[in-house]
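Just so we're on the same page: letters track the sequence lines, and every chain starts at 1. The figures here come from the full heavy-atom set of this structure, side chains too, leaving out hydrogens, waters and symmetry mates.
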Amino acid sequence: MGEFKVHRVRFFNYIPSGIRCVAYNNQSNRLAVSRTDGTVEIYNLSANYFQEKFFPGHESRATEALCWAKGQRLFSAGLNGEIIEYDLQALNIKYAVDAFGGPIWSMAVSPHGSQLLVGCEDGSVKLFQITPDKIQFERNFDRQKSRILSLSWHPSGTHVAAGSIDYISVFDVKSGSAVHKMLVDRQYMGVSKRKCIIWGVAFLSDGTVISVDSAGKVQFWDSATGTLVKNHLIANADVQSIAVSDQEDSFVVGTAEGTVFHFQLVSVTSNSSEKQWVRTKPFQHHTHDVRAVAHSPTALISGGTDTHLVIRPLMEKVEVKNYDAALRKITFPHRRLISCSKKRQLLLFQFTHHLELWRLGSTVATGKNGDTLPLSRDADHLLHLKTKGPENIICSCISPCGSWIAYSTTSRFFLYRLNYEHDNISLQRVSKMPAFLRSALQILFSEDSAKLFVASNQGSLHVIRLLEGSFKHLHTFQPQSGTVESMCLLAVSPDGNWLASSGTSAGVHVYNIKHLKLHCTVPSYNFPVTALAIAPNTNNLVIAHSDQQVFEYSIPDKQYTEWSRTIQKQGCYQEAYRPCL
Amino acid sequence: MAALEEGFTLSAVPLGAGPHGLLGVEQSDKADQFLVTDGGRTVILYKVSDQKPLGSWSVKQGQIITCPAVCNFQTGEYIVVHDNKVLRIWSNEDVNLDKVFKATLSAEIYRIHSIQGAEPLVLFKEGAVRGLEALLAEPQQKIETVISDEEVIKWTKIFMVFKHTVLIFITEKHGNYFAYIQKFNSHTLSKYTLLLGQEEKSVIQSFSASVDRNFISLMSLSSDGCVYETLVPIHPRDPEKDQRVVRSLLLKTVVSGDARNGVALTVLDQDHVAVLGPLLPSSKECVSIWNTKFQTLQASKELPQGTSGQLWYYGENLFVLHGKFLTVIPYKCEVSSLAGALGKLKHSQDPGTQTVPHFVNWETSRGHRFGSQNSEQSKRILRRRKPEVSVQNPASKQLLSAIKKDSEKHIEEELCKFLAIKPTPDFNTIIGDIVSELLGRHKAEPSFYPRNSLMQLIQTHVLSHSLCPGLMEAALEKADVQMLQLCLQQFPDIPESVTCACLKIFLSISDGSLQEAEINMESVSDYSDSVQEEKMEEQTEVLHNGFNAEEENCGNCDRELNKKPQDAAEETTSCPVIPKRAALLNAILHSAYSEMFLLPHLKDIPAQHVTLFLQYLYFLYLKCSENATMTLPGLHPPTLNQIMDWICLLLDANFTVVVMIPEAKRLLLSLYKFVKSQVCICSELNKIEVSFRELQKLNQEKNNRELYSIEVLELF
């Protein structure tokens with residue numbers, strides 16, 4: 001194909017936030033992950049662990065609990081005392097309800113998915129009824145002395161176990177009164193620690209309550225008598241999380257030492273019916289605290305301060321030894337955080353609360369394959385742009401000419417004009433951006449930098465013409481009737497005629513920009529689109545999917561290209577050595 | 001590998017006064033305790049580990065015990081029969097047998113069987129079997145007759161098969177043997193006729209049996225001295241019919257055929273049997289362990305005072321009445337290997353017959369084994385391979401006959417002829433035979449020493465020490481250093497003792513006789529030349545950075561040494577031995593050894609030879625360190641590691657000797673000094689290595705860890 005000068009950029013100093021909670025939804029096989037910066041991400045485990053949705057974080061919104069309710073509804077609760085429901089279609093927050101109990105430490109959805117229980121700082125446990133469009137406070141349970149750090153429903157929905165500091169309470173849901181109070185030993189290896197924090201509880205259908213605490217213990221309690229049945233000391237540090245499988249034959253705990261332990265219910269002898277919980281496998285995939293664990297039918301999922309999301313398939317449960325049987329460690333963000341100005345050799349880096357603009361270095365030397373060339377000029381840090389307000393940046397873009405920078409937060413859209421005078425840069429904000437542009441999911445400039453395309457979370461696509469220092473709203477492509485699915489990916493053709501956009505599940509729409517109308521829709525595919533691009537000259541749209549399939553679609557002909565059909569027939573590997581574009 | 005340990009006598013009291021020796025040795029309910037029933041009137045309970053009796057009971061004068069006492073494992077009580085019909089049941093606390101429980105039965109008892117986990121069974125002489133409980137409930141009940149007239153029970157045993165008791169008893173009638181299997185879960189009795197096969201006339205002298213899932217493997221020791229095996233099915237297809245079982249030969253001639261009495265057999269485990277009786281016609285009686293799988297004798301122990309021809313085996317102990325005393329011989333069977341099993345193969349070579357090669361050629365014999373496995377029984381016997389292997393080609397036959405009588409010259413010619421022929425698959429077997437034949441003749445007439453032929457044979461590369469152990473022995477005897485060198489180079493498996501014996505000869509042989517010998521000088525390069533050219537630079541005290549070469553305790557010796565630098569240099573830089581001896585010593589250095597086995601032999605080398613060898617090693621060491629690669633010149637020089645190892649070995653083995661003798665003192669000092677300087681250099685090298693490593697690391701980091709770089713990438 002030819003020789004390229006590859007700029008190896010290692011100065012994008014992006015540090016993802018630590019994982020605080022994970023919640024697995026068995027029905028949709030999706031995993032919700034919340035991070036310490038308040039971001040909530042949704043991973044589709046069926047689609048090759050692709051992060052299909054995300055909700056931008058907020059400085060004041062520290063998520064402490066995350067759970068799925070009936071009908072694929074996602075709730076979170078945090079230290080600001082609010083319970084939040086997310087709109088998974090529009091990718092925004094549906095509403096926030098204050099529980100009036102101070103910071104919320106824990107939350108649990110009833111087994112039937114119709115009730116929500118939150119544990120608050122003031123020791124109250126509050127029951128909410130989930131209505132079709134909101135949640136409604138029902139009543140308080142008996143107030144406890146100290147904060148409620150963990151909650152678990154009995155599978156029948158009649159009782160609830162609540163972990164607090166130094167004790168576990170068992171509540172009767174009907175009466176709301178505490179039936180049992182189980183005191184946890186503060187002693188830790190013979191040394192009396194100040195307090196024993198119950199980080200997690202799990203209520204099993206046989207009445208056993210499993211607790212994990214800050215003294216490194218995993219304890220089994222009989223909730224009927226309120227007595228300790230069994231004690232496993234597994235760590236020298238806190239055991240911070242627990243998750244039980246649906247069959248209740250295995251559970252997983254995560255410790256502050258970065259270790260994840262798997263416990264299984266196994267027969268005492270080979271053919272006896274008597275079973276007991278046995279610690280079977282330790283996994284050390286984390287370097288820091290494992291703050292959250294989840295148990296899918298086939299895998300153990302863990303996440304923590306070290307920001308990695310680890311999906312460890314249980315080999316005995318995996319039937320087909322394919323890609324899914326491999327250990328997954330999700331470290332890199334699934335979103336595009338870097339944009340590039342080709343003309344001016346600029347890179348724009350997106351961080352949680354600021355943007356960085358860098359100019360690439362240059363070289364006059366030439367070399368052969370594999371050579372590292374001496375730099376005649378090193379890379380320059382040109383700009384550090386901080387956002388105002390507590391909201392995280394959702395997306396950002398720099399125009400190909402390098403004179404425009406745009407970014408969006410949940411509530412505002414920002415557009416800047418850059419002026420270059422020799423080595424000096426001046427920045428000028430374009431004021432009065434229309435309100436409908438806020439909470440944009442994707443921003444893209446046209447190749448000639450004259451147009452700006454903004455995909456909003458309502459499913460609409462705005463086209464804006466950029467003039468010297470000002471703008472003009474040209475058109476809005478409304479979503480297809482009936483769908484409110486937001487568009488996440490955009491691609492524009494180099495000649496400026498075509499714009500392709502894609503949501504998470506529906507097909508890719510191709511718009512004609514000259515005539516401002518929908519040109520065609522590429523049929524939808526089983527797996528979400530992960531990347532889009534339009535080839536110059538041919539105007540072929542290349543679509544990559546999360547199952548590692550690549551399609552090429554000819555926009556002018558409105559059909560898949562011959563090459564695409566061939567590789568779909570033969571598989572990608574035979575064609576891999578043929579020049580693609 | 002099965003082994004018999006040193007036995008010990010159990011009782012101080014003479015036993016076996018009666019004509020039939022002991023009645024029996026039976027297990028009691030406690031481990032390690034056994035009930036011994038004397039032929040007369042006494043039952044004694046022994047604790048074997050303490051070698052002492054715990055209790056003894058006798059019947060009244062005039063009464064006689066007719067059946068060995070057993071222990072009822074369910075109640076812990078003991079049962080004995082006296083006067084054929086009277087049962088006595090007692091426990092440990094009882095003192096007098098007259099006062100214990102007594103039951104008189106209506107029929108004569110043959111044996112009482114007791115086995116763990118089941119109630120005792122009473123076998124009557126007429127073949128009927130009763131449970132003890134049922135019998136005690138109604139002692140005078142009628143006992144039916146099972147076996148015919150004149151049929152006599154010879155032997156009986158009880159087994160547990162899948163939690164059910166199975167009783168087997170053998171009867172004899174007019175030289176015919178019958179096996180009865182009584183099963184108690186189904187109360188069926190099956191009768192089998194034992195067909196004796198070809199050896200129709202032999203009399204079975206002893207029985208033993210072990211049980212497998214579906215078969216009782218009944219072993220019998222016949223009067224011809226062979227052990228036969230009969231598989232008796234536990235679950236017969238048609239219990240009503242009279243069935244026949246055939247016996248097959250398992251082991252041939254385990255005891256001398258003409259031993260009329262005093263032979264016994266017992267099964268030890270799956271693959272081992274113990275046999276009591278004389279191994280050879282004239283020899284004393286002994287107990288021997290045979291491996292039935294490999295047909296080998298594993299261990300044997302002579303019992304010179306004679307036995308009663310009875311043998312019992314419980315747990316890990318064999319019980320034998322040796323002379324008048326009951327002797328316990330602990331038996332152990334560790335995991336055995338084929339090699340171990342073959343190692344004790346008896347070399348019973350009948351004089352006069354065509355010689356049998358005792359080297360097994362695995363290449364050829366394997367096919368034979370597999371091919372003939374399921375055919376006839378005699379193929380199982382490894383020892384009887386005469387017809388298979390003795391088929392030799394005529395050239396070798398001619399050669400073998402030549403060796404017997406002809407002159408050395410003639411043999412050489414024959415050998416050349418033989419070696420010229422294309423090697424056959426059993427080539428190494430034949431070579432082995434030839435060598436042993438030659439050595440055999442050498443042994444018989446010491447003047448016959450076919451040196452050239454032997455040399456030629458060694459150079460065929462197929463010989464090893466284990467194939468012809470006598471060869472090196474003979475060479476050592478003759479002090480034939482050339483042959484020894486050749487052997488050291490060719491044989492992979494020379495024992496350390498022989499290596500050491502070679503070393504002794506190499507060190508002690510006079511220079512004069514060495515000059516005459518033709519020795520392969522491959523491993524010795526011309527040391528003397530290089531020596532003259534460059535003089536070893538003298539090691540002087542150097543103060544390295546932070547390291548003082550002269551430590552306090554060594555200061556004296558250094559100084560002392562420095563007084564005579566000339567001598568030291570002279571001593572260390574010229575080869576202390578003549579090149580031919582050096583070549584021989586190099587052969588030793590090259591040979592394989594195991595330190596543990598070599599060390600004791602090294603101690604036997606005289607002091608001055610140790611010094612000489614050390615001097616030579618020191619010289620080699622100095623030579624080695626002259627060049628950067630630390631190697632010696634030449635085709636096959638000893639490596640530095642070999643030299644170092646031998647220095648260590650020699651010093652370890654002869655530490656006190658070397659310290660004591662004055663000649664060695666200076667050598668030791670210079671050796672020490674040199675080693676110290678080497679250590680010094682090594683520590684310096686270590687430091688340099690660390691810095692280089694760091695440099696290398698920095699270099700790599702610089703390549704990879706830069707935050708920004710522009711690289712050229714070519715895509716195809």
Side-chain angles (χ1 to χ4, degrees), chain A residues 1-15 338 340-342 344-349 351 356-384 533 535-536 542 550 572-581, chain B residues 27 29-31 73-74 76 115-119 159-166 183-186 210-216 234-235 269-271 315-316 333-335 688-716:
Chain A
M1 227 173 132
E3 249 183 25
F4 297 90
K5 275 183 189 167
V6 179
H7 295 256
R8 281 195 183 272
V9 174
R10 295 192 186 83
F11 48 78
F12 181 29
N13 208 1
Y14 174 78
I15 300 163
I338 301 170
C340 172
S341 158
K342 282 175 206 161
R344 285 200 180 263
Q345 302 256 302
L346 300 174
L347 287 181
L348 183 72
F349 299 147
F351 294 84
E356 275 182 17
L357 185 67
W358 288 73
R359 180 166 52 214
L360 292 174
S362 60
T363 181
V364 288
T366 52
K368 60 179 193 301
N369 189 20
D371 281 357
T372 302
L373 303 177
L375 298 178
S376 57
R377 196 187 64 206
D378 209 349
D380 277 337
H381 187 181
L382 300 181
L383 196 68
H384 185 100
V542 182
V550 179
C572 204
Y573 291 101
Q574 280 82 7
E575 288 286 325
Y577 299 106
R578 222 191 82 177
C580 297
L581 293 169
Chain B
Q27 278 178 300
D29 55 340
K30 292 185 191 68
F73 290 106
Q74 290 179 326
I115 193 164
Q116 209 103 33
E119 72 162 323
F159 297 103
M160 282 299 262
V161 181
F162 299 122
K163 295 185 180 166
H164 296 295
T165 43
V166 173
K183 281 195 291 175
F184 285 86
N185 56 334
S186 56
S210 62
V211 70
D212 194 3
R213 288 168 162 274
N214 296 317
F215 287 97
I216 291 173
I234 295 172
H235 311 291
D269 56 42
Q270 218 181 346
D271 299 329
E316 290 178 331
C333 182
E334 281 148 18
V335 179
I688 296 172
E689 196 264 343
V690 171
S691 354
F692 272 123
R693 203 195 303 151
E694 286 304 311
L695 277 174
Q696 181 71 12
K697 221 187 263 174
L698 282 176
N699 218 8
Q700 277 173 355
E701 263 173 28
K702 216 174 175 187
N703 283 337
N704 294 331
R705 293 284 166 208
E706 235 171 351
L707 283 178
Y708 178 63
S709 59
I710 302 177
E711 288 166 26
V712 180
L713 178 70
E714 198 173 349
L715 291 180
F716 302 101

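Counting heavy atoms from C-beta on, the side chains of B/V712 and A/F4 never come closer than 4.5 Å.
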TODO: Begin from the C-alpha positions of B/L713 and A/N369 and carry the test side chain to side chain contact (heavy atoms under 4.5 Å, CB included) through to its verdict.
DONE: CA-CA 5 Å; B/L713 178 70; A/N369 189 20; 4.1 Å; yes
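For A/K5, the NZ atom counts as densely surrounded, since its 6.0 Å shell holds more than 12 non-hydrogen atoms of other residues, nucleotides or ligands. Within a 6.0 Å radius of CD in B/E316, no more than 12 heavy atoms belonging to other residues, nucleotides or ligands are found.
Residues that satisfy the salt bridge (charged side-chain N to carboxylate O under 4.0 Å, His left out) test with A/D380, not counting sequence neighbours, are A/R359.
From A/R8, atom CZ reaches atom CG of B/L707 across 13.0 Å, with rounding to the nearest 0.5 Å.
Across all non-hydrogen atoms, the minimal contact from A/T372 to B/E711 is OG1-CG, 3.6 Å.
Contacts of A/L373 with chain B are made by both backbone and side-chain atoms, with heavy-atom separations under 4.5 Å.
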